[in-house]
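Heads up: the structure comes next, in structure tokens.
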Amino acid sequence: MSFRLAYRDDPGNPWFSWQYVRDNSDTIVAALREHATLTVQAVLIATLLAVPLAVLAYWFRPLTGPILALSGVLYTIPSLGLFAFIAPYLGLGTTTVLVGLVLYALLLIIRNVLVGLDQVPAEVHDAAAGMGYGRWGRLLRIELPLALPGIVTGLRLATVSTVALVTVGVLVGHGGLGQLIIGGFRNNTYKAEIVTGAVLTVVLALLLDLVLAAAGRLLTPWHRRGASR
Amino acid sequence: MNPVEQAVVWLNDPLNWTNPGGVLDRLGEHLFISAVAVALGCLVAWPVGLYLGHTGRGGAAVVLISNVTLAIPTIALLTILPLTFLGFGQRPVIIALAVFAVPPLLANAYTGLREVHPEVRDAARGMGLSGPQLLRRVELPLAVPYLAAGFRTAAVQVVATAALASFVNGGGLGQIISAGFGLGIATGGGQILAGGLLVALLALAVEGVLALLERLVTPRPLRRTGGRARRRAAAAGQA
């Protein structure tokens, strides 16, 4: 049997192969799981950091410039460079990838939350103050809910770009589906592996985007148009 | 020795700069790849964006293109393009980067022309300007700040992502980082950090220079209100 296999003419290098997917389903599912986990963790942590920062910038206007500038500088630094800064300290693990992803997602979320908060009409503001809401009450019960469309937009942008960015984690050996893409390239440019990784990455991004869009729609029944952006 | 000291030592070794494949070589490659990619992106995106903005059609398509390219990982294009008829080497890298330069250029060109006041357009029409004249003499000059903003965003993004070309041996400064990882963190830590520093500094320098350029080509009356509002428009276009 092996004799015949060895002499079969050109095994070919197809763009896609079910055979490959079936034979390597374990690897693919593991990569997909790592990819999804990293993305969700990064966006969650980034949100927990970004929303307070955006509120801070909203309350204390002079802080807006520095906060946006700092996150802008972080955003300008190339992903590869950022991972290179972190790796010597945190080693070759998922932590390195996670920290990099969080720093990137930060700017997108802060900026959109801030835009959302800025769009709260002044009359609403005044009305809330007139009804006796304090700073915190107004923030939690009026301003943040009204800013939800902006927040959801930020989360969607951050999620989609984070999914694409996880692949750069290949550099430290934890790139999720990027592992398949680069693995296939190094494995004598095995096209089926590369394409499987790439397609799954895009599908994951679109799926998460859809989930967030639906969540935003459910959370803001009074603001259908804004949420559908 | 901690990584920072290692990085300082690495950066202070002149051979690391002048050797074949040293910093200067890689910097040259990086800048060349980026410049060609941005030029290519402009060549494709600006005419299309200006045309769509002039006719006022295809806004949905512009947003769609931005969204879809955001979801495609750079690494995927970088690895897939060499397998097509393009072959290995710098050519597929340049084209992959150009693809990612298109959305900001396109979106800003489109927005820039759409932001021209309808009254201005009406006045120009009333003065007897034809379609192409309107575009060349009225809309284009008014859209220059937007075009410059798009150029800056695209160029910075291309310079940043060009570092990833090292994954497919495409050259550029990223190669220094990859080589460092090849040595392992213990011995290559300094080189990794030094490479990261170089890549980051280059991106920030390009950002700074182009910000200055953007300011220079923006007419004085448009400057004060310009920057932030425009960037917000671009971000909204991306969303």
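Below, read A as the first sequence line, B as the second, and so on, with proteins coming before strands; counting in each chain starts at 1.
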Item to check | Residues A:W15, B:I80; criterion side chain to side chain contact (heavy atoms under 4.5 Å, CB included); working and verdict | outcome: CA-CA 10 Å; A:W15 283 105; B:I80 289 175; 3.9 Å; yes
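- Rounded to the nearest 0.5 Å, atoms CD (B:Q157) and OH (A:Y75) are 7.0 Å apart.
- Here the shortest heavy-atom pairing between B:S178 and A:L171 reads OG-CD1, 4.4 Å.
- The CG atom of A:L165 sits 8.5 Å away from the CG atom of B:L164 when rounded to the nearest 0.5 Å.
- Closest approach of A:P88 and B:L193 over heavy atoms only: CG-CD1, 4.1 Å.
- In this structure, the salt bridge (Lys or Arg N to Asp or Glu O under 4.0 Å) partners of B:R26, at least two apart in sequence or on a different chain, are B:E29.
- Taking every heavy atom of both residues into account, A:V168 and B:F167 meet most closely at O-CZ, 3.9 Å.
- More than 12 heavy atoms of other residues, nucleotides or ligands lie within 6.0 Å of OH in A:Y89, so this atom counts as buried by the packing criterion.
- Chain A forms more heavy-atom pairs under 4.5 Å with one residue of B:V168, B:L77, B:T74, B:V206 than with any other, namely B:V168.
- Of the two parts of B:V4, the backbone and the side chain both hold a non-hydrogen atom closer than 4.5 Å to a non-hydrogen atom of chain A.
- Of all residues spanning residues 194-202 of chain B, those with a heavy atom less than 4.5 Å away from chain A's heavy atoms are B:G196, B:L197, B:V199, B:A200, arranged by number.
- Taking CD1 of A:I181 as the reference point, atom OG1 of B:T79 lies at 5.5 Å (rounded to 0.5 Å).
- Every residue two or more places apart in sequence or in another chain was checked for a side chain to side chain donor-acceptor pair (under 3.5 Å) with A:T76, and none qualifies.
- For A:A205, the part lying under 4.5 angstrom from a heavy atom of chain B is the side chain only.
- When all heavy atoms of B:G174 and A:L80 are compared, the pair lying nearest together is CA-CD2, 3.6 Å.
- Scanning all heavy atoms of the two residues, the minimum distance from A:V202 to B:P73 falls at CG2-CD, 4.2 Å.
- Contact of B:V68 with chain A is not made at all, since no heavy-atom distance falls under 4.5 Å.
- Only the side chain of B:S166 comes within contact range of chain A, judged by heavy atoms closer than 4.5 Å.
- Counting heavy atoms from C-beta on, the side chains of B:I192 and A:F83 never come closer than 4.5 Å.
- Contact annotation for B:I177: only side-chain heavy atoms (C-beta onward) come within less than 4.5 Å of a heavy atom of chain A.
- Contact count versus chain A (heavy atoms, under 4.5 Å) is highest, among B:A76, B:P82, B:G189, for B:A76.
- When all heavy atoms of B:A203 and A:P78 are compared, the closest pair comes out as CB-CD, 3.7 Å.
- Open room surrounds CZ on B:R91; 12 or fewer heavy atoms of other groups in view lie less than 6.0 Å from it.
- Screening residues 166-204 of chain A for ring pair (Phe, Tyr, Trp, His ring centres under 6.0 Å) gives A:Y20-A:Y190 as the qualifying pairs, with residues at least two apart or on separate chains.
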Item to check | Step-by-step side chain to side chain contact (heavy atoms under 4.5 Å, CB included) determination, B:L70 to A:L157 | outcome: CA-CA 8 Å; B:L70 194 66; A:L157 267 178; 3.6 Å; yes
